[in-house]
J.: 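One structure, as C-alpha cells, below. Some questions next.
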Amino acid sequence: MKPLEGIRVLDFTHAIAGPTCTQMLQQLGAQVIKVEPPEKGDDFRHYTEHAGLPGMSVPFASANAGKRSVTLNLKSEEGRKIARDLAARADVLVENYRPGVIARLGLGWEELHVANPRLIMLSLSGFGQTGPLRDWGAYDHIAQAVSGMAIMNGTDAGPFKIGLPVVDCFTGYLGVIAVLSALRERDASGTGKRIDVAMLDAALKIMGSAASVWSFTGVAPKGTGNRGFRLVATAEYYACADGWIALGANHQHQIEVLFRVFGREDMLADPRFADHAARVENYAALKGWLTEFLLAQSAAELEQALTSALVPAAMLRDVGEIMQHPHMAARGLVQQASLPGTDKLLDVLGPGFAVDHDAAPDHVPALGEHTDAVLGELGYDAPAIASLRASKAI
C-alpha cells in the first residue's frame, strides 16, 4: 500500500510548479483528477511537440503521468457545478491561477470549505496570495531575478538564470510538504486548511544561507561563478584532455589527498597553498596551475583515482550519460509511462527517494480521456454527458 492511497486530489494546475506537486502526490498513491479546459487543455501540452504527437509534449507528459484528465469549461455554470461536485468529494484541491481567479470562478476557499470542511486547498502562485507583489505574473526566471538568485548565479560578465526550472520544481515540492503536513493535522482536527505557497518564497528558501548572510552582515552575496562558496580553486570545474572534471576538495585533508593523487605533494610545501587562508589569498595562482596541469590529464582516470581515495570528484556528464549509467538502474528512480499514439514508453522520474513499494506503470492521459468515467462516478448518465458536451460545458 502506498502512503496516500485513498486520498483524492483535484488538480486545477498547469505548466510546471502545480503539476510537479500533484504528480508527486500521485506517485505517493493519491488519485489525481486533472481538470483542463476543453479543446486545448493545459498550455504545457503544446510547449514543444516530440515524436509527432500533437498535444502531448514530453515536458507535459513527464509531469502528468498517472493522472486522470477531465475537461471542464469553468466559464460555464454547468462546468463550475461539476467542479464544485468534484471538490465536495476531494481531500485536496491544488490550483495555480493568479491570486483571486479561483474565487471569481466560484471555487474560492470560503465556498468550498463550507461544502467540504475536510478539504485542503493549496494555492501556488508567483508571489503569494498576500503582499504588495501578489498580482505580479511570474515564470521561473522571473522568480530567479526578483529573489537574487540570478545575481548569485552570475559572474563579472553579468547575471545568469539557471537553465532549468529549479524554482518551479522546488515550489511544487514545497507544496507536497505543505499538503502532507495539512493531512497530518487533519487527522487530529478533522478540518482542512488553506495553504499559500509562492515561487518567490521557494526561491528564497533555496537561498536560505545567503539570506542569513545578508541579514547578519548587511552584505548581499554576489555570484562567484564556478568558484563556489568556499572560494577555493580546488572545488571547481576544469577542462581535461578528454572532457571536464569537477573537483570537490574543500577541506585540508581532501586537498592533501588531491595533490597526492596528482603526484604533487610538493604543492603543499609552497606557503601560498599550505592552508585554506593562503589558498584563498592566492586563488589566481592556484587556479592557473590547476588549469594548466589538468589539461594534460584524463578526466575519466582522475574520477576513478580521486573517488577511490574518497575525494569528491566527477566527470561532467550530460543527462543522457547519467540516465544510462548502471547506478540509475540500481537506484530505481526511473519509471515508465505509456503515451497515447505511440508504442514507445516514456521514462519518467519517480518521487526521488527510495520507497518500499513497487512503482506501477503509469499512463499519460490524453486531453479529457477520463471525462466520461469521472462524470459517471458523479452520477451522470450517458445522455446527460452528451448534453454537457453539446453545450460545451465539458
Side-chain angles (χ1 to χ4, degrees), residues 9-26 32-37 40-45 47 59-60 63-64 67 72 74-75 80 83-84 86-87 90-113 119-150 161-162 164-183 192-208 211:
V9 177
L10 189 56
D11 180 357
F12 287 98
T13 70
H14 57 279
I16 302 175
T20 297
C21 171
T22 54
Q23 183 187 50
M24 183 166 284
L25 295 173
Q26 183 274 330
V32 178
I33 296 176
K34 181 178 179 68
V35 177
E36 303 184 68
K40 186 176 182 181
D42 183 342
D43 284 340
F44 212 48
R45 284 184 177 273
Y47 178 71
F60 168 87
N64 289 281
K67 303 175 186 178
L72 289 181
L74 298 180
K75 295 180 180 179
R80 290 192 294 270
R84 288 191 291 270
L86 289 170
D91 295 286
V92 180
L93 184 152
V94 185
E95 62 93 10
N96 65 344
Y97 296 110
R98 285 202 186 196
V101 170
I102 195 79
R104 290 197 294 273
L105 291 171
L107 299 169
W109 166 248
E110 290 77 11
E111 181 175 353
L112 297 184
H113 181 62
L119 180 69
I120 294 163
M121 184 170 180
L122 167 62
S123 292
L124 302 161
S125 63
F127 297 93
Q129 305 299 308
T130 60
L133 305 183
R134 72 183 290 270
D135 294 322
W136 285 19
Y139 292 106
D140 191 280
H141 71 289
I142 301 297
Q144 290 187 38
V146 176
S147 66
M149 186 178 291
K161 65 180 179 181
I162 298 170
L164 292 168
V166 292
V167 179
D168 265 321
C169 293
F170 189 66
T171 301
Y173 303 147
L174 283 183
V176 173
I177 295 169
V179 166
L180 295 177
S181 299
L183 285 169
K193 292 287 186 181
R194 176 81 189 274
I195 306 169
D196 176 3
V197 174
M199 291 173 66
L200 176 59
D201 299 352
L204 287 167
K205 184 67 175 174
I206 293 173
M207 300 165 55

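None of the values given here were measured: they were computed from a predicted structure. Scope of the values below: all heavy atoms of this structure, side chains included, with no hydrogens, waters or symmetry mates. Residues take their numbers from the sequence shown, with the count starting at 1.
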J.: Measure from the side-chain N and O atoms of Asp11 to the backbone N and O of Val32, and report whether any donor-acceptor pair falls under 3.5 Å.
T.: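 No, because the side chain of Asp11 does not come within donor-acceptor range (under 3.5 Å) of the backbone of Val32.
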J.: Check residues 103-111 and write down every donor-acceptor pair under 3.5 Å in which the side-chain atom is one partner and the other belongs to a residue at least two apart or another chain.
T.:
none

J.: Could you go through the side-chain contact (heavy atoms from CB on, under 4.5 Å) check for Asp140 and Lys161 one step at a time?
T.: CA-CA 9 Å; Asp140 191 280; Lys161 65 180 179 181; over 6 Å; no
J.: For Ile120 and Asp91: C-alpha separation, side-chain torsions, deciding distance, then whether side-chain contact (heavy atoms from CB on, under 4.5 Å) applies.
T.: CA-CA 6 Å; Ile120 294 163; Asp91 295 286; over 6 Å; no
J.: Counting only N and O atoms by type, is there a donor-acceptor contact under 3.5 Å from the side chain of Arg134 to the main-chain atoms of Gln129?
T.: yes
J.: For Met121 and His113, run side-chain contact (heavy atoms from CB on, under 4.5 Å): C-alpha distance rounded to whole Å, both residues' side-chain angles, the deciding distance at 0.1 Å, then the answer.
T.: CA-CA 9 Å; Met121 184 170 180; His113 181 62; over 6 Å; no
J.: To the nearest 0.5 Å, what is the distance between CG on Asp201 and OG1 on Thr171?
T.: 8.5 Å
J.: In terms of relative ring orientation, are Trp136 and Phe127 parallel, tilted or perpendicular, with 30° and 60° separating the classes?
T.: perpendicular
J.: Which value, rounded to the nearest 0.5 Å, describes the distance between Phe12 atom CZ and Tyr97 atom OH?
T.: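 It is 6.0 Å, given to the nearest 0.5 Å.
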J.: Measure the spacing between NE2 of His14 and CG of Leu124 and express it to the nearest 0.5 Å.
T.: 10.0 Å
J.: Is there a side-chain contact (heavy atoms from CB on, under 4.5 Å) between Asp168 and Met199? Walk through the geometry before answering.
T.: CA-CA 7 Å; Asp168 265 321; Met199 291 173 66; 3.4 Å; yes
J.: Nearest 0.5 Å please: distance from the CD1 atom of Ile16 over to the CZ atom of Phe44.
T.: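 The CD1 atom of Ile16 sits 4.0 Å away from the CZ atom of Phe44.
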J.: Donor-acceptor check, side chain of Gln144 to backbone of Ile162, threshold 3.5 angstrom: yes or no?
T.: yes
J.: Taking Glu36 for its side chain and Asp42 for its backbone only, find out whether a donor-acceptor pair lies under 3.5 Å.
T.: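 A pair under 3.5 Å: yes.
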J.: Look up atom CD1 in Ile206 and atom CG in Leu174, then write down how far apart they are to the nearest 0.5 Å.
T.: 8.0 Å
J.: I'd like to know if the side chain of Lys34 pairs up with that of Thr22 as donor and acceptor (distance under 3.5 Å, no hydrogens or angles considered).
T.: no
J.: For Lys75, does its backbone N or O pair with a side-chain atom of Arg80 as donor and acceptor, under 3.5 Å?
T.: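 Between the backbone of Lys75 and the side chain of Arg80 there is a qualifying donor-acceptor contact (under 3.5 Å).
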J.: Taking salt bridge (charged side-chain N to carboxylate O under 4.0 Å, His left out) as the test, write out the residues that go with Lys193, two or more places apart.
T.: Glu185
